[in-house]
Peer 1: 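Have a look at this one.
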2 protein chains.
Amino acid sequence: MPATVKVESGKRPRRETAPARRVPPPEPKLGALQGFIGFNLRLAQDASFRVFARKSGQRDIMPGRFAALMVLRDNPNITQSALGRAIARDKSSVTPLLQDLQRRGLVKRMRSTTDRRSVTLTLTAAGARVLQDLILHAREHDRKLDEIAGPSKAEFVAILRRIADHMV
Amino acid sequence: MPATVKVESGKRPRRETAPARRVPPPEPKLGALQGFIGFNLRLAQDASFRVFARKSGQRDIMPGRFAALMVLRDNPNITQSALGRAIARDKSSVTPLLQDLQRRGLVKRMRSTTDRRSVTLTLTAAGARVLQDLILHAREHDRKLDEIAGPSKAEFVAILRRIADHMV
DNA sequence: TATTGTTATACTCTATAACTATA
DNA sequence: TATAGTTATAGAGTATAACAATA
């Protein structure tokens, strides 16, 4: 095997341009990826999630918890299964979520009197207070999103909903 | 403490309606949650992701891998760090991702000759073929999304991009 | 000193399957 | 038989921090 051939070896011609101070390689092109709705959806959701989590981080409540609390507020005495359907999560994912919220004292769980298999969920007073605070935070968060969406917001949200409803 | 009082006890009036066959409780209302862009973003992304993964599941390439392959195709000889920036992931997340793609024989990694810290990434022929197949799948997937978005697609995507760019 | 990539590690979120207790 | 909830378990995806090699 021949040693690596040095192409264009020998004295180099003097550079015509500046000393070529280590040009940082151009950032990658996203190319065709940019045209895919799916890809953009991922980036946007990711960005939104990070910001929400970072800002509400002190309260240590992630978007998923927030959504659950909201559903509980608007649907007192809902069961775990129904909650799972509302937030699109399996019941086995709902259990630890609620255990966490209960441990924090935000949710009360009681056996349903009419169907003893079911658990009846309600916000505690503390839960309502925390949620109130989170709503302020979420509004602030969404205000920024609203700004970005501009006058097309309604249509934008409508499309998101259609995607959520019709894709699966 | 008095025993539970049975309100309306005694003989019940005959039902006027049908035997009230265990009415399934009404599905929960999403309430104010429906107004939040963030929440809808999450549901939409989730739905889109699931469908993409399910359909491309045979190929066992998730959206994240697909995005990485696309970036590699459009940016031959990119480094791992640059890839990470493109897909918005930390370098420590990029390493195992690429190890996986390499193990599958889809990507070739070589030490850069000009900066021996860096790794230079290229798609293999097999990688290009798999990607080609995935692109067809992604197009099909996105075709459905396009349909849902309708004529507002351009504006919809523009908003998603602005969210991804301006939220963080 | 700063950056590239790797590793060790840990955490979150999620689901499937098997189980129980009811219905 | 079917459903509500729990548990055991596993897997994907991610990040932080510390590190070695190199710039």
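Since we're looking at a predicted model, the values are computed, not measured. Within every chain, numbering begins at 1; the chains are lettered A, B, ... in the order of the sequence lines, protein sequences first and strands thereafter.
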Peer 1: Without decimals, in angstroms, what is the distance between B/F52 CZ and D/dA12 C1'?
Peer 2: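 For the pair B/F52 CZ and D/dA12 C1', the rounded distance is 16 Å.
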Peer 1: Any carboxylate oxygen within less than 4.0 angstrom of a Lys/Arg side-chain nitrogen, looking at A/R104 and A/D100?
Peer 2: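 Result for this pair is yes, salt bridge flagged.
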Peer 1: I need the CE-C1' distance between B/M110 and C/dT4, as an integer number of Å.
Peer 2: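 Rounded to the whole Å, the gap is 16 Å.
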Peer 1: Can you tell me how far P of C/dT16 sits from CZ of A/R89, to the nearest Å?
Peer 2: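 Spelled out: CZ on A/R89 to P on C/dT16 is 12 Å.
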Peer 1: Below 3.5 Å is the cut-off: list the nitrogen or oxygen pairs between protein and nucleotides 3-10 of chain D, distance only.
Peer 2:
unit_1	atom_1	unit_2	atom_2	d
D/dT3	O4'	A/R117	NH1	3.4
D/dT3	O2	A/R117	NH1	2.7
D/dA4	O3'	A/S118	OG	3.4
D/dG5	OP1	A/Q80	N	3.2
D/dG5	OP1	A/V119	N	2.7
D/dG5	OP1	A/V119	O	3.3
D/dG5	OP2	A/Q80	N	3.4
D/dG5	OP2	A/S81	N	2.6
D/dG5	OP2	A/S81	OG	2.6
D/dG5	N7	A/K91	NZ	3.2
D/dG5	O6	A/K91	NZ	3.2
D/dT6	OP1	A/R109	NH1	3.0
D/dT6	OP2	A/Q80	OE1	3.3
D/dT6	OP2	A/Q80	NE2	2.7
D/dT6	OP2	A/T95	OG1	2.8
D/dT6	O4	A/K91	NZ	3.4
D/dT7	OP2	A/Q99	NE2	3.0

Peer 1: Quick one: B/L43 CG to C/dC13 C1', roughly how many Å, whole number?
Peer 2: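 Distance, rounded to whole Å: 15 Å.
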Peer 1: How many whole angstroms separate atom CZ of A/R42 from atom P of D/dG13?
Peer 2: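 In whole Å, D/dG13 P lies 9 Å from A/R42 CZ.
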Peer 1: In plain terms, say whether A/E147 and A/K144 are close enough for a salt bridge, that is, a side-chain N and a carboxylate O under 4.0 Å apart.
Peer 2: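 Salt bridge: no.
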Peer 1: What integer distance in Å separates A/D46:CG from C/dT12:P?
Peer 2: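 Spelled out: CG on A/D46 to P on C/dT12 is 17 Å.
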Peer 1: For a stem of at least 3 consecutive Watson-Crick or G-U pairs with distances under 3.5 Å, i pairing with j, i+1 with j-1 and so on, which stems involve DNA chain D?
Peer 2: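 The stems that DNA chain D takes part in, listed by first number, are C:1-23 with D:1-23.
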Peer 1: Among residues at least two apart in sequence or on other chains, which ones pass side chain to side chain contact (heavy atoms under 4.5 Å, CB included) with B/I135?
Peer 2: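 By the side chain to side chain contact (heavy atoms under 4.5 Å, CB included) rule, B/I135 matches B/F66, B/M70, B/R73, B/L131, B/Q132, B/R139.
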Peer 1: Between C/dA15 and B/R50, is there an OP1 or OP2 to side-chain N/O distance shorter than 4.0 Å?
Peer 2: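 So the side chain of B/R50 is within the cut-off, an N or O lying under 4.0 Å from OP1 or OP2 of C/dA15.
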Peer 1: So, using salt bridge (charged side-chain N to carboxylate O under 4.0 Å, His left out) as the criterion, who are the partners of A/R89 when residues are at least two apart?
Peer 2: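 Salt bridge (charged side-chain N to carboxylate O under 4.0 Å, His left out) check on A/R89 returns B/D46.
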Peer 1: Between B/D74 and A/K29, is there a side-chain N and carboxylate O pair less than 4.0 Å apart?
Peer 2: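 Looking at A/K29 together with B/D74, the answer is no, because their closest N to O distance does not fall below 4.0 Å.
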Peer 1: Output the rounded distance in Å from CZ (B/F49) to P (D/dA12).
Peer 2: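 After rounding, the gap between these two atoms is 11 Å.
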Peer 1: Distance check, rounded to the nearest 0.5 Å: A/S112 atom OG versus A/R117 atom CZ?
Peer 2: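 Answer rounded to 0.5 Å: 9.5 Å.
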Peer 1: Kindly write out the residues that satisfy side chain to side chain donor-acceptor pair (under 3.5 Å) with A/R111, not counting sequence neighbours, or none if the list is empty.
Peer 2: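 With neighbours one apart ignored, the set is empty.
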Peer 1: For B/R129, what residues pass the side chain to side chain contact (heavy atoms under 4.5 Å, CB included) criterion, not counting sequence neighbours?
Peer 2: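 Applying side chain to side chain contact (heavy atoms under 4.5 Å, CB included) to B/R129 gives B/A125, B/A126.
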Peer 1: Can A/D146 and A/R143 be counted as an ion pair, charged N to O under 4.0 angstrom?
Peer 2: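 Not counted as a salt bridge, because no side-chain N and carboxylate O are separated by less than 4.0 Å.
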Peer 1: I want to check one thing: is the phosphate of D/dA12, taken as OP1 and OP2, less than 4.0 Å away from some side-chain N or O of B/R65?
Peer 2: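 No, B/R65 has no side-chain N/O under 4.0 Å of OP1/OP2 on D/dA12.
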Peer 1: Could you check how far CG of B/L101 sits from P of D/dA12, rounded to whole Å?
Peer 2: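 From B/L101 CG to D/dA12 P: 13 Å.
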